[in-house]
Amino acid sequence: MPYKNKTHNEIIAIDGPAGSGKSTVAKGVAKRFGFLYVDTGAIYRALTLAAIKEKINLRDRKALAKLAARADIQLNMRGDSLRVALDGKDVSRAIREQSLTEKVCCVAAIKEVRDELVKMQRKLAKKAKGAVLEGRDIGTVVFPEAKYKFYLDAWPDERTRRRFKELRQMGQKVKVEGIAEDIEKRDKSDMTREVAPLARARDAVYIDTTELSVEDVVEKISSLIGNSRCSI
Ligand code: DC
């Protein structure tokens, strides 16, 4: 399902592995430019939750694709916080539970599901004057024509530390070892799956965020975008 419409609005694509800092950074960049922020991982998470609620077998490709086509998933910002709604109910916390996180990769590996969710992401982004999308395949599949592409990365220990902090702040009782294992497993699954694996687009700017603060990365991305806008 190639992306055909090249005359789209301004799209900023941010990809990277879990814990690379892309969510916080993408939110900051969206705020800076007054663009829509689209956390595509939250969409895969919400769909997985919907499948569990409807007792759909997570290996049933057809049923999951049908669900993806009709699922009512809404993303809205409340201040600086992203609220995710499924069938009108707030599921922002539920989609971050560790037990759910472990199941998302099964659903995200199904081509028919991705085709539907990619459609949804393009539609969402095109409605806005500009959008910052973050995920695993934004620069490679969802918006390969995007003018601005970034790939964020960080050393595994730092990614584990960030994830641990984030989950603790959400009130989850997690252990560092469990998180390190989860990140390693998810990286492997995201990078080796057949459909839209996590990969750096050839034209994406690579940023190692290990020793950078969120503000540093937002600044770096904003200035790269600002400079390229000025030179047009
Ligand atoms: O970014 P995250 O950890 O919330 O993503 C949750 C899962 O969804 C993760 O296993 C990878 C998958 N995902 C994906 O396959 N493609 C995307 N564009 C975004 C997330």
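Every number for a ligand or one of its atoms is a count from 1 in the order of the listing.
At a 4.0 Å heavy-atom cut-off, ligand 1 touches Arg163 through the side chain alone. Contact annotation for Asp39 and ligand 1: no heavy atom of the residue comes within less than 4.0 Å of the ligand.
Atoms of ligand 1 found under 4.0 Å from any heavy atom of Arg114, numbered from 1 in the order shown, are 14 (C), 15 (O), 16 (N), 17 (C), 18 (N). Residue-ligand proximity, Lys22 to ligand 1, at heavy-atom distances under 4.0 Å covers atoms 1 (O). Proximity to Val104 (heavy-atom distance under 4.0 Å) selects the following atoms of ligand 1: 7 (C), 8 (O).
Considering each of Gly19, Ser20, Gly41, Ser23, the one bringing a non-hydrogen atom nearest atom 20 (C) of ligand 1 is Gly41. Considering only non-hydrogen atoms, atom 2 (P) of ligand 1 lies nearest to Arg136 out of Arg136, Gln121, Lys103.
Note: an N/O pair closer than 3.5 Å links Arg45 and ligand 1 by distance alone. Remark: ligand 1 and Glu134 share no N or O pair separated by less than 3.5 Å (distance only, no angle test). Considering both main-chain and side-chain atoms, Thr40 comes within under 3.5 Å of ligand 1 through a nitrogen or oxygen pair.
For atom 3 (O) of ligand 1, the nearest protein heavy atom (residue, atom name, distance) is Arg186 NH1, 2.9 Å.
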>> Apply side chain to side chain contact (heavy atoms under 4.5 Å, CB included) to residues Asp153 and Asp208 and explain how you reach the verdict.
In response: CA-CA 5 Å; Asp153 207 350; Asp208 181 345; 5.5 Å; no
>> As a quick check of understanding, evaluate side chain to side chain contact (heavy atoms under 4.5 Å, CB included) for Leu224 and Phe150, giving each step before the final call.
In response: CA-CA 10 Å; Leu224 284 168; Phe150 301 90; 3.8 Å; yes
> How far apart are the C-alpha atoms of Tyr44 and Arg114, what are their side-chain angles, what is the distance that settles it, and do they pass the side chain to side chain contact (heavy atoms under 4.5 Å, CB included) test?
Replying inline: CA-CA 9 Å; Tyr44 285 94; Arg114 299 198 73 88; 3.3 Å; yes
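The number of heavy atoms from other shown groups lying within 6.0 Å of CD (Glu181) does not exceed 12.
A pairwise comparison of heavy atoms in Cys106 and Leu58 identifies CB-O, 4.3 Å as the closest pair. Scanning both residues, Tyr206 and Arg200, for their nearest heavy atoms gives CB-CZ, 3.4 Å.
Contact annotation: Arg193 has at least one heavy atom less than 4.0 Å from an atom of ligand 1.
Between Phe164 and the options Arg161, Arg168, Arg162, a side-chain contact (heavy atoms from CB on, under 4.5 Å) holds for only Arg168.
Classification of Asp39 and Arg96 as a salt-bridged pair holds, one side-chain N sitting under 4.0 Å from a carboxylate O.
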